[in-house]
Every structure is written in C-alpha cells, then in structure tokens.
Q: 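I am attaching a structure below and will ask some questions about it afterwards.
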Amino acid sequence: MTSGSLPANPFVAAGMIEDPRLFVGRKDELHAIASRMSGAQPTSINIVGEKRIGKSSLLYHFFLTWEQRVQNPSRYVVIYLSLQSVHCQREENFYLAVAQELLNFSSVATNPALSDPLRIRPLDRIAFSDAIREWKRQGVLPVLCLDDFKTLFDNKSEFNNDFYNNLRSLMNHNSVMLVIASQHQLDFYSKKHQLTSSFFNLGHVIKLGELQEDEVKDLLRLPASTVNNAAPALSMDEQRLTQQLAGSHPFLLQIAGGLVCEARQQGHDENWVKTRFVQESRRLPQSRLGSRRWWRGLRWLVWNLPIRLGRIVKFLGGTVDDVSSWIKGMAILVMVILVFTRVINWNEVWDFVRDQLGIK
C-alpha cells in the first residue's frame, strides 16, 4: 500500500513494510547504499542482521525511494527480488526473474538497447552476462537488491562456484551492483557450504542492529513523523508504554505499538497489552530473546551490581571512580559467594570493608 488513507493502526508486525509512509529510520544505512551506488566505482553491499531486524523492509524501502537519493537517476535501474520465490530455484530462472523485474521499468521496456538483450531465450549465464555488459555500454547500472540470499545455498548444484564467479566478474567490471540481505556475512555461508569463489569477499558490509533513540521516537510517533499534518496514533502515555515493553528493537516496537492501538480501539486495559505482548513477542526467534536476557543478566551481575556495591564503600567515605568501585564491588561479591560456600566467614568480609574505609 503506497496510496490512499492512512491506517488507524500504522504499526506493521506481519512482514515487510511496503508502505513508505510507515517506514522510519535507517537514514545512515540508506545513505550508505546510495553513496556506494553513485560513487565513481559502484561497490556491492552485504546487509547483515538477525531475523526480524528489518533487512527486507530496508531493501524494499530503498527500492521504492532510490530515485530521490541519487543524482541522474536515469543512469540506474534498481530492483527488489526475494530469492525465496519459486521462480528463483534454478540458475536460468534466477536470470529470468531479474530480467523481468528490470523490464517492469518503462524506461527499460521502451528502450530496445536495454530490453532486447534481456528478452533473448534461453537467458542462460552467457546471455545474461552479455545483456548486463550491453547495459554498461549504454551507461546504465542495474542495482539488484536481493533478499533471502541464503536460499540459493539450498541448491548448490545450480548455484555453484561458477555461478558466483560470473557474478563477481560482472561486479569487478562495474557492470552490476548487488545489495544482498542475509542473516550472516556471506563468507560465513561460503565456509559452511564449502564454496571457494571470491564473490563472498563482498566489498562492503552494513550490520543492521536495533534502532537509535531518535529512530525509536519517530516510530512511536507514526504517522506524524513521516506524513505532514498527520497526528500520532499513540498518545504520549501510550508511546511510553510501547517503549517500556519493546526497548529499541524494531519488530518488538511494531508488535507493542500495534497492541496498544488495538487495546484502545477495543477497550482493553494495560494488563491486556502486557499479557498479549509476552505472547506475541515469541514470534521473535528465541535465540534472540534468550541472548538478550542472558547478556542483560550477565552485565548486571558482573558490572552493575559490583559498581553499586563499590559505591556503598564510596558513600561511606571512600573517593573512587567507577573502575575502582567495580573492582572493590566485585571483591565484595566474590567474598559473599565464598561465605555461602563456607570458604571464608562474615568476619573476613567485614575486615575487608573496614580496611577499604580505613577503619581500625
């Protein structure tokens, strides 16, 4: 949806964001793609990030808005293609799918110098490469935003080293630029699937993480942050609740924001939102949620807690910085553990505290 009235609930937690009015943030990443596309020598990019972090939405939004981001847009044609499509399971079908997306542009379809090479059949590796080289002679760079790239690794007999070497050759000659989304960096897959092509040493990697603070605020204020004269779907209290539940993870923010909107529309209370959020957030892969909890717990145990314990010493009379507080706090924490394991007794703990305070 790219036109028409705005939805009452602008939060999207059911897949890729297709309406550009509902996409916020990622300005640095979008600028990085555009600058490497329009530079003196185009540089292919690997967008890397965990599941549900927004890779597909980023690629699709760039596909929708690239003409606004570069000078002389007539020099480029940008397509978005998900490789999960059944039309991309064989090498020749991959070339046909790319060709069809390129031909969807009227500037391509009505220009025989660009369109005729793509209409050759069979459009095998040689014919596709010849077509792309002809585009270079015409001064037009095809930019392929390829989503779900790891799908190709499931069919190694079709997509082998020769396939990747040919793509690399086209990239090296500045005939094509790829923007590839994957959960891991491409060299991870080359090692996993025993592929030796230099294709996997891709020019530039952009790691997609959680949203920055200003990006979170823009998301919480949808659609006002992207549409002139529009009002935020969430009140200030509702925005605070959404961020309290979801932090800065884009997928969790979309879930929480959507639930808050739904609760208001249906007359549910805050407890309903919190209960449903716990259920819905399970759609984020458990490895991600588990790693967040594990890291937060570990950080609290080995950094926050020791600093707080150390500050007790500081409050009582010492003058130390956070590092000294951490060391002393960690020592107290270890000593408490040793007391409970009966290695030392409480008197020795108090002796240590008194020594730090300079009490005789």
Side-chain angles (χ1 to χ4, degrees), residues 2 10-13 15-71 73 75-83 101 141-150 171 176-189 200-223 225-227 243 246-254 257 284-285 288 292:
T2 58
F11 300 98
V12 179
M16 181 175 68
I17 298 172
E18 298 184 11
D19 187 337
R21 299 172 300 176
L22 303 182
F23 183 94
V24 298
R26 307 304 191 190
K27 293 180 181 178
D28 291 343
E29 291 84 356
L30 290 164
H31 175 74
I33 299 172
S35 64
R36 283 164 178 78
M37 167 179 153
S38 57
Q41 181 170 319
T43 304
S44 292
I45 297 173
N46 185 194
I47 306 290
V48 178
E50 62 193 24
K51 293 180 179 178
R52 309 283 192 178
I53 201 66
K55 300 185 298 296
S56 297
S57 295
L58 173 65
L59 255 63
Y60 193 75
H61 188 72
F62 183 77
F63 158 68
L64 292 177
T65 62
W66 66 271
E67 289 176 290
Q68 306 162 24
R69 302 178 185 280
V70 297
Q71 295 181 344
R75 295 174 50 208
Y76 313 95
V77 176
V78 178
I79 69 165
Y80 169 86
L81 182 64
S82 172
L83 299 183
E101 293 298 327
L141 176 71
V143 180
L144 316 182
C145 296
L146 303 178
D147 203 2
D148 304 303
F149 195 79
K150 70 174 185 178
M171 291 159 52
V176 67
M177 174 179 168
L178 306 184
V179 186
I180 296 172
S182 58
Q183 186 176 355
H184 304 284
Q185 289 186 211
L186 291 180
D187 59 358
F188 167 86
Y189 299 103
F200 296 97
N201 301 319
L202 207 59
H204 185 73
V205 175
I206 296 177
K207 293 185 178 180
L208 211 59
E210 296 188 0
L211 298 178
Q212 300 176 19
E213 184 62 29
D214 60 335
E215 295 174 327
V216 172
K217 292 178 180 178
D218 284 344
L219 193 153
L220 294 174
R221 292 182 61 252
L222 281 172
S225 54
T226 60
V227 179
Q243 188 170 9
S248 56
H249 192 285
F251 180 67
L252 295 180
L253 284 165
Q254 297 281 3
L284 191 66
R288 165 65 185 161
R292 290 181 84 194

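This chain uses plain numbering: 1 for the first residue, then up along the sequence. Excluded from the calculations below are hydrogen atoms, water molecules and symmetry mates; all remaining heavy atoms, backbone and side chain alike, are included.
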Q: Given 3.5 Å as the limit, does a donor-acceptor pair link the side chain of N46 with the main chain of I180, or not?
A: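 Side chain of N46 to backbone of I180, a donor-acceptor pair under 3.5 Å: yes, one is there.
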Q: For the backbone of E50 and the side chain of K55, can you confirm whether one donor and one acceptor N or O come within less than 3.5 Å of each other?
A: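 It does hold such a pair.
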Q: Are any side-chain N or O atoms of S57 and backbone N or O atoms of G54, one a donor and one an acceptor, separated by less than 3.5 Å?
A: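 No, S57 side chain to G54 backbone: no donor-acceptor pair under 3.5 Å.
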Q: If you count heavy atoms of other groups shown closer than 6.0 angstrom to NE2 of H31, is the number above 12?
A: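 Check fails, neighbour count at 12 or below.
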Q: Any chance you could measure L208, atom CG, to I206, atom CD1, to the nearest 0.5 Å?
A: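 That separation rounds to 8.5 Å.
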Q: To check you understand the geometry: which heavy-atom pair defines the closest contact between I45 and A32, and what is its length?
A: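 So the minimum-distance heavy-atom pair works out to CD1-O, 4.1 Å.
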Q: Any side-chain heavy-atom pair from R26 and H61 closer than 4.5 angstrom?
A: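 No, their side chains stay 4.5 Å or more apart.
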Q: To the nearest 0.5 Å, how far apart are CD1 in I33 and CG in D28?
A: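 Going from CD1 on I33 over to CG on D28, the span is 11.5 Å.
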Q: With a 4.5 Å limit on heavy-atom distance, are the side chains of Q183 and Y189 in contact?
A: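 A side-chain contact under 4.5 Å exists here.
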Q: Quick check: do E215 and S225 have side-chain heavy atoms less than 4.5 Å from each other?
A: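 With C-beta onward as the side chain, the pair stays apart.
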Q: Quick one: pull up CG in L211 and NZ in K217 and give me the separation to the nearest 0.5 Å.
A: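 Going from CG on L211 over to NZ on K217, the span is 13.5 Å.
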Q: For L146 and V179, what are the C-alpha separation, side-chain angles and deciding distance, and is it a side-chain contact (heavy atoms from CB on, under 4.5 Å)?
A: CA-CA 6 Å; L146 303 178; V179 186; over 6 Å; no
Q: For residues K51 and P285, determine if any side-chain heavy atom of one lies less than 4.5 Å from a side-chain heavy atom of the other.
A: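 Yes - at least one pair of side-chain heavy atoms lies under 4.5 Å apart.
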Q: Apply side-chain contact (heavy atoms from CB on, under 4.5 Å) to residues I79 and C145 and explain how you reach the verdict.
A: CA-CA 6 Å; I79 69 165; C145 296; over 6 Å; no
Q: Please give me the minimum heavy-atom distance between P20 and L64, naming the atom from each residue.
A: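 Closest approach of P20 to L64: CD-CD1, 4.0 Å.
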Q: Does some side-chain heavy atom of K150 sit less than 4.5 Å from a side-chain heavy atom of H184?
A: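 When only atoms from C-beta onward are counted, K150 and H184 do not touch, as no gap falls below 4.5 Å.
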Q: Of all heavy-atom pairs between M37 and V70, which one has the smallest distance, and what is that distance?
A: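 For M37 versus V70, the nearest heavy atoms are CE-CG1, 3.9 Å.
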Q: Considering only heavy atoms from C-beta outward, does the side chain of T226 approach that of L22 to under 4.5 Å?
A: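 A side-chain contact under 4.5 Å is absent here.
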Q: Are D218 and L220 packed together at the side-chain level, in the sense that at least one heavy-atom pair is separated by less than 4.5 angstrom?
A: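 Not touching, per the 4.5 Å side-chain cut-off.
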Q: Heavy atoms, side chains only, cut-off 4.5 Å: are M177 and L141 in contact?
A: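 Yes; the side chains approach each other to less than 4.5 Å.
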Q: Over 60° means perpendicular and under 30° means parallel, so tell me whether Y80 and F63 are parallel, tilted or perpendicular.
A: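 Ring orientation of Y80 relative to F63: tilted.
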Q: Before giving the answer on side-chain contact (heavy atoms from CB on, under 4.5 Å), spell out for D147 and L83 the whole-Å C-alpha distance, their side-chain angles and the decisive distance to 0.1 Å.
A: CA-CA 6 Å; D147 203 2; L83 299 183; over 6 Å; no
Q: Would you say the side-chain atoms of E67 pair up with the backbone N or O of P73, donor to acceptor, closer than 3.5 Å?
A: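 Such a contact is absent between E67 side chain and P73 backbone.
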Q: Provide the closest heavy-atom pair for Q254 versus L219 in the form atom of the first, atom of the second, distance.
A: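 Closest approach of Q254 to L219: NE2-CD1, 3.9 Å.
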Q: Mind checking the NE2-OG spacing from H204 to S44? Nearest 0.5 Å is all I need.
A: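 The NE2 atom of H204 sits 11.5 Å away from the OG atom of S44.
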Q: When the ring planes of F251 and H249 are compared, do they come out parallel, tilted or perpendicular, using 30° and 60° as the limits?
A: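 Plane angle over 60°, so perpendicular.
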Q: Show the nearest heavy-atom pair for residues Q243 and L253, with the distance to one decimal.
A: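 Heavy-atom minimum between the residues: CA-CD2, 4.3 Å.
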Q: How many angstroms lie between atom CG of L284 and atom CZ of R52, to the nearest 0.5 angstrom?
A: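 Rounded to the nearest 0.5 Å, the CG-CZ separation comes to 7.5 Å.
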Q: When rounded to the nearest 0.5 angstrom, what distance separates OG1 in T65 from OH in Y60?
A: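 Spacing of OG1 (T65) from OH (Y60) equals 11.0 Å.
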Q: Please determine whether side-chain contact (heavy atoms from CB on, under 4.5 Å) holds for the pair V143 and L178, giving the CA-CA distance in whole Å, both sets of side-chain angles, and the decisive distance to 0.1 Å.
A: CA-CA 6 Å; V143 180; L178 306 184; over 6 Å; no
